[in-house]
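Step one of this worksheet: look at the structure below.
Only heavy atoms go into these numbers, but all of them, side chains included; no hydrogens, no water, no symmetry mates. First the proteins, then the strands, lettered A, B, ... as listed; each starts at 1.
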Amino acid sequence: MSTPTPFLPPQTAPSAETIRVKVDGRDIDVPKMMPDWQGKLQPTTMLQACQLAGVEVPHYCYHSKLPVAGNCRMCLVEFGTPMMGPDRKPVLNEDGTPKIARSVLPYEPGTPRGAIACATPISPGMELYPSSAATRQMREAVLESLLINHPLDCPICDQAGECKLQEYSVQHGQATTRFVETKVHKPKVVDLGPRIVLDDERCVLCTRCIRFTRDLVGDDKLGIVNRGSYNTIAAFPGTRFENNYTLNTVDLCPVGALTSKDFRFQMRVWFLKETPSICATCATGCNVTVGSREEVIHRLTPRENDAVNGHWMCDHGRLNYRWVGRSDRLAEVQVRLSSGDLQRSSWTVALDRVAQHLRKATAGSVAIIASARLTTEELFLLRQIGVRVGAIMDSVPRRGEGDAYLVHADKNPNMNGARATGVVGAEPGSQLPRIIEGIRTGAIRTVLAFGEDLVKAGCPAESLGRLEMLVAGDILPNATTARAHVVLPGCAHLEKRGTFINAKGRVQRFRKAVEAPGDARPEWEYLLDLHRALGGPSGPDNIEGLFHWMAREVPVLAGLEWSRLGDTGVTVTI
Amino acid sequence: MDWTFLIFTLVKIAVVFAVVMTMVAYAVLVERKVSAFIQDRVGPNRAAPFFARYIPFLGPRLVRWGIFQPVADALKAILKEDYTPAHVRKVYFWIAPAIAMVPALLTLAVIPFGSQIGSQKMVIADLDVGILYTFGIVSLGVYGIVLAGYAANSKYPFLGGIRSSAQMISYEISMGLSVIPVFLLVGSLNLSDVIGNQSGSLLNWHVVKQPLAFFIFLIAAFAETNRLPFDLPEAETELVGGYHTEYSSMKFALFFLGEYAAMISVSAMMVTLFLGGWTLPFLGLDQPAATIGMGLVHILIFLMKLCFLLLIIIWVRWMLPRFRYDQLMDLGWRRFIPVALANIILTAAVLAFVRS
Amino acid sequence: MIVSRKPLSLAERFYLPAVANGFKVTWRHFRRTVFEGKTAAGETAGGFHPEVPWKVEPGYRGAPYLVRDQEGHTKCVSCQLCEFICPPKAIRITPPGPDGQAADRKNAEKMPRDFEINMLRCIFCGLCQEVCPEEAIFLQKDYSLSGGSREEMIYNKERLLALGGTHSGTQKWKHKLEEAKAQEAFPVKTP
């Protein structure tokens, strides 16, 4: 992660030197050199020049973060260069402007000749015609060729609705086919790996998937076999395409050839509500788009953020969303009666009980375990409550395997948030043995556990029974919620708003994608109520106000504003 | 107050109420039948009690004519679930149907529906200011509708209520102005005197003497009873059902009955004011009855005239499309009110000239 | 084009000709029905509804049902276009998901786990039929749907298929499969 890899290239600025070209008759100065997929400066291509001019050039194989292959031919653009006389001086028109020679076929001067915009560098004075009749004709011909063997099975294709073949056919293609012969049929429903299904008939052979896994991930598993119209993408014999980044090829695939087994036949993409959010599986904090319909999450897809995850995310994080909709979610506020049974209660009653108990508690007899999966705002509120009641606070560290790409060894999405707000010290988890010992000896009589299972964290289950008050704010039932005196159902981060601070210190906010089940409320909401009940200032009522309050109190976040975080976040120094 | 007066008044109220309610029920049937005939249909012809088939000859015919349909309708209205939506203002919501129903019935108190039977005059209350009473009560009718529109707390009823308040208030003016020439002719506000003034000859009927007044009164009566072509407060095609959109069961039926009762009372008014009341200008039928039989004949004459007017009102509903709101207001304020005012002045001038 | 309005005469402004014409028309129909005994239903259908069933003309848009192909397979492939286009949102499709039942037609890969039409919401507009790329849903002749509860009026897949019957159309997926099998290379693996 620390050294830039092809996977996450350094963010290089384009060169300051510019070249003047004409795009659709409009003069534009474009940088002479632009960063390529590895962040190295390379001569600017026609496609980049058109993009800078705000003209879209359709393409399949080109991707800004992949090596250029130039094999789909979709980006063909007609162009012209200044004519040179025999004296190597530009030939001028009568009005003094340089005469432009349109590129034509050498043996057929009447026919315009395009160049693939993704791989052709621009030169001074060049004129690009991305909207000319010849360009349009070239695109139409390329599309017709790509569609020759296409099965046209959009009704059963998961890509339908976000398929470049569909989009370009509408924009640039022709309505009918002239192909009357029998189509070539290729393998369908090919099991490429544990998470990927391949439909070879839909493939346009752009090789994005091959380049991604070979050049970026370094796991060379895919290639093209057979010849001519029998060209087929396949995994090398005897291998399976199963690294931790395979599902990125599904996003890369411009058509429906590579589809995710997880999302296969789940929901048509046009029904999905897209919410910008953050992956909470590790401390990297990949930016994601949550696709949900009617409060059911159907998929996560990576959202571009060059400072964090580029265009990519790992398969593990991408598939880690099902628990949000689990049927055994905590959905009721519960309070333990004197008889020992947990009974459904209301927020008012439960928070009142907690507040009453905390008001009586002596300093040092209270411990707060605040999960680093909570948002920064919630950790901040817990810290405020902890200071008010004199509690010992800590979080539970989660270490795991990291890799050189996106997976971080710290599996808590917000440990830096816990550090910044002061919930944990320099070494997370250092207070845990003291707390567990305190619970065992009876020195600690009140425990507030938010998002963590104390039993899993090492506290013997029977010693939890000795506590006077165990408050468990959690999402899913566990050994702690089963023994708690008050159970407060919380929200997954996909069900609330807030911020995480990732391993690199990037403060990123996320939005609410789905509604929480039952009584469940965002933790920050009821923690604000609890803080007030303990005599705290009335304070803000919304997440924006809470964030600004936090930014005033926490030195690391000084000067930050909620609205300025945007969807891609701001980096701070922890 | 002597006991006979009280008893006879109560009897008259009971009889009038019973007759009016029966007429309302069968006016609905007539409405449905007439509409069916005009639209190439047959109308209600299915409602049949179990005994209908045992009546020889007449039984199947009664069923086909729909004679039992009003009974079925009434049963349905009573037995249906009386549903009160959660968002309504309950007190007003419950009160509104009653307020819509009652004024229509109260108006009938001053209508002389016959000459006399024995020594009893066939009018519930022979007021000297009958017409003022009538207009006072009629103007209450709008409250039921406005209140229903307000209480329902939903947009279509609200629009219906608004429309109705504007419409009924506007047309009350032309209605009130249109009858002034009649009372100029009569010289009394007592409705029995109005009838007396029309006896003798067909030419004495005010519809002949004051055709313009009758015309305006008739049109205004359509508007006052919210009948097509002026049924903007309910306007099914625009406002779903207007002021009674949120009503169901008997509360809805009360609005329905109220509308027909209002039709009957306004027709009774027209019969009294313009069509000679219970009189016919021949066979001595224009003099107070000497025998009980003649008294009954007078009542019958009154009812016949009433039914004729009801038929006109019903027929017009299936004949003319609904007016646009601006056309309605334009007709009321810019045509009828000036014409009615001119009619008053003209009549007054002619009377002043003749009597001087 | 601007149509110039003819100025109205005084009588017209008081709606008198309209009233006269209205009476003429209504009287004509009234007379025909009452005195000549002619009714619309009698003229066109020869009687009245329950006794003389209404003849459903071709092209009538009744309730939408799912159809099977001539071999008894479900035609719907759960593309959910009808669910998307449905103006009153009466259609609700549960897609099969990755672990769902495979389509009962070879080569089609996909069919709905459930397909519900709420007949209380349906407005019989026919957009589902028009949008269907598989010729799997058709507005059929049923016009008199009734049920004892709201739940009963939500027709599920089995019921819709049972009511819909068969529709013989092109068998796209079967054709594709045969074409692939006829090919020398690439013996096509089907799910």
Whatever's closer than 4.5 Å to a heavy atom in chain A on C:P133 counts as side chain
(Q) Strictly distance-based, threshold 3.5 Å: is any side-chain N or O of C:E83 a donor or acceptor partner for the main-chain N or O of C:Q80? (A) no
The single option from A:L165, A:D153, A:L152 that satisfies side chain to side chain contact (heavy atoms under 4.5 Å, CB included) with A:R202 is A:D153
Under 4.5 Å to a heavy atom of chain A? For C:S78 that would be backbone
Whatever's closer than 4.5 Å to a heavy atom in chain A on C:E134 counts as side chain
Highest number of heavy-atom pairs under 4.5 Å with chain C among A:Q266, A:R268, A:H298 belongs to A:R268
Rounding to 0.5 Å, atoms CG (A:D328) and CD1 (A:I475) come to a distance of 12.0 Å
* **From CA spacing to verdict: side chain to side chain contact (heavy atoms under 4.5 Å, CB included), A:L146, A:Y168** => CA-CA 11 Å; A:L146 287 175; A:Y168 292 156; over 6 Å; no
